[in-house]
Each structure stands twice: as C-alpha cells, then as structure tokens.
Amino acid sequence: MSGTLFSLAGKKALVTGGAQGLGRMIAEGLLKAGARVAITSRKADIVAAAAAELSKLGPCLGFAADLSTPEAAVDLVRRYREAVSGLDILVNNAGKTWGAPIDVFPDKAWPSVMAVNVQTPFKMVQEFLPELTASGTNGNPSRVINIGSVAGKRIEPLQAYSYAASKSAIHMLSRQMAADLADRNIAVNVVMPGYFPTSMTAHLRDEDNAPSGILGGHIPLRRMGRPDDIAGVIVFLSSAAGAYITGAEIPVDGGVVGCR
C-alpha cells in the first residue's frame, strides 16, 4: 500500500493556467507522481513552450485557452476530448486579480474576475461531468481541486476586492458541488494557497523571494511557499491518500490562516 499511496500512475489530469506560476508547480508535481497532464494558458506560444519543457517529466499536452467566458471553457473541453480519452483529475487553477484602493476600485474589475475565478471553474466541472463520473468509483473518486486563496478566508492587506470576493465564492461553491456530486463518486476540494513566488506576488517579495514590505512578519513560518509545498498537497488530494476527503478547504500558507 505504501508504494502506491501517492502514485498517480495511469491518471489523466488537466490543470488550467498550468503553464506558469502556481499552475506550473502543480503540473510538475502531478507529472512527477506519474500522471499524464494537460495544461492551459491564454497564449499559444507560452503553453507550447511549457508543455515541451514539462514533457521531460512525463506526457504533457498544452492547450491555448482564454478562460474568461463559458464559451471558451466549452471549446477547451471539446479540444481536450479530441486529444485525450477520459479525465481523472481537474485542477481549476487559472485565475485573475485586480487591486486598487476602495475609493477608485473600478466597476470593470468585477465581471472579468468573477467570470474567471468562479464561473469558469463551475463550467469546467459541468462540462467534464461525463468523464469525471465515468472515472470515479466508490473507493476511488475522480477529483476536482479548485484553487482558492487565503484572501477568500481572512482579511489580507491587498485591496483586491473582487478577487477576495471571488475566492470566497469558489470556496463555498466547491462545498456545494462536493455535496451534490458525492453520489457520482466525484470528490471536490479547495486548496487555499498563501504567498508563493509568482507574478502576482512580485511586489510583495525581495530578490531572494523572502516576504517583504507589508508581508514582513505576516507569515508565521517566515517564508514564501515553495513548489513542493503546493505540489505535495495537490498530489495528496489526487491520490489514494486523499480518497476519503471531499468538501475540504485546505490552507497551504505557512500559517497565515491557522495561526491567527
């Protein structure tokens, strides 16, 4: 049992936004655990280059997709089906943020952020229900992992109003889907990352990727997250080790949520 507890050999996974940042870390972890992985990015050249690099770790396909509309999600699922048969693990990671002081926070910052961070994950699950239902069993459900945020769980010094609201929404939406899909043998969980060295946090860290500015002293474990930190929890939830978990919200944040 111990040798296969965290193995994803034979599993097929899709990671939206998997070409860069947190999604890239997740895709690498799934590949190293033995899964076949598909990734997406808005830009065709970026996703093609990332898929080529990741293919050194295992089978990896890249799909260009701007997941800002339901129609784009439907089109992505269609193209995925043409290239791959079946899906065991769906990681809804693609996201969008917008930061501005409350006095000038613009109306246009709401529809696009809510669409990418809430509506698209729902649409992806809805469209992939046939595959997810077919691959899940009572003892080994298929997996949906939605990437939330500590900003959707507690107040963070970001002034990213639509982003925080959207992440709180995906947390609750995930619990609702977990309840509704349990009898189809589909497990739905949320991972809530804290601060990782991605493009979204460039202004919050120094050249050594240490928390700086408003994050100084904010993270109890006193460091940014590392690739293995996020990859490890995703592999855990996707593998036999996480087969009895659904409807959970798991922070991966160095203690930002749990220690305060």
Legend entry - L61 reachable from I46 in the ILVMFWY side-chain graph, under 4.5 Å edges: no
Legend entry - Same apolar cluster (I L V M F W Y, side chains within < 4.5 Å links), V188/I245: no
Inset, instruction - Kindly write out the residues that satisfy side-chain hydrogen bond (donor to acceptor under 3.5 Å, both in side chains) with R78, not counting sequence neighbours, or none if the list is empty. - result: D75, E82
[X] atom [atom1], neighbour heavy-atom count above 12 within 6.0 Å:
{"X": "N138", "atom1": "CG", "result": "no"}
{"X": "R175", "atom1": "CZ", "result": "no"}
{"X": "D206", "atom1": "CG", "result": "yes"}
{"X": "R81", "atom1": "CZ", "result": "yes"}

Inset, instruction - Could you walk me through whether L237 and I250 pass the side chain to side chain contact (heavy atoms under 4.5 Å, CB included) test, one step at a time? - result: CA-CA 10 Å; L237 287 173; I250 302 177; 3.8 Å; yes
Inset, instruction - Would you check, one step at a time, whether the test side chain to side chain contact (heavy atoms under 4.5 Å, CB included) holds for L181 with V125? - result: CA-CA 10 Å; L181 297 177; V125 173; 3.9 Å; yes
Inset, instruction - Flag the pair D253 and R154 as a salt bridge only when some basic side-chain nitrogen lies within less than 4.0 angstrom of an acidic carboxylate oxygen. - result: no
Inset, instruction - Answer yes when E156 and K167 have at least one side-chain N-carboxylate O distance shorter than 4.0 Å, and no when they do not. - result: no
Inset, instruction - Starting at CG of L129, measure out to CZ of R184 and round the result to the nearest 0.5 Å. - result: 5.5 Å
Inset, instruction - Please work out which of the three classes, parallel, tilted or perpendicular, describes the rings of F236 and F6, given edges at 30° and 60°. - result: tilted
Inset, instruction - Could you tell me how the ring of Y161 sits relative to the ring of F105: parallel (under 30°), tilted (30 to 60°) or perpendicular (over 60°)? - result: perpendicular
Legend entry - Donor on one side chain, acceptor on other, K11 and S238, under 3.5 Å: no
Inset, instruction - Provide the closest heavy-atom pair for L87 versus K12 in the form atom of the first, atom of the second, distance. - result: CD1-O, 3.6 Å
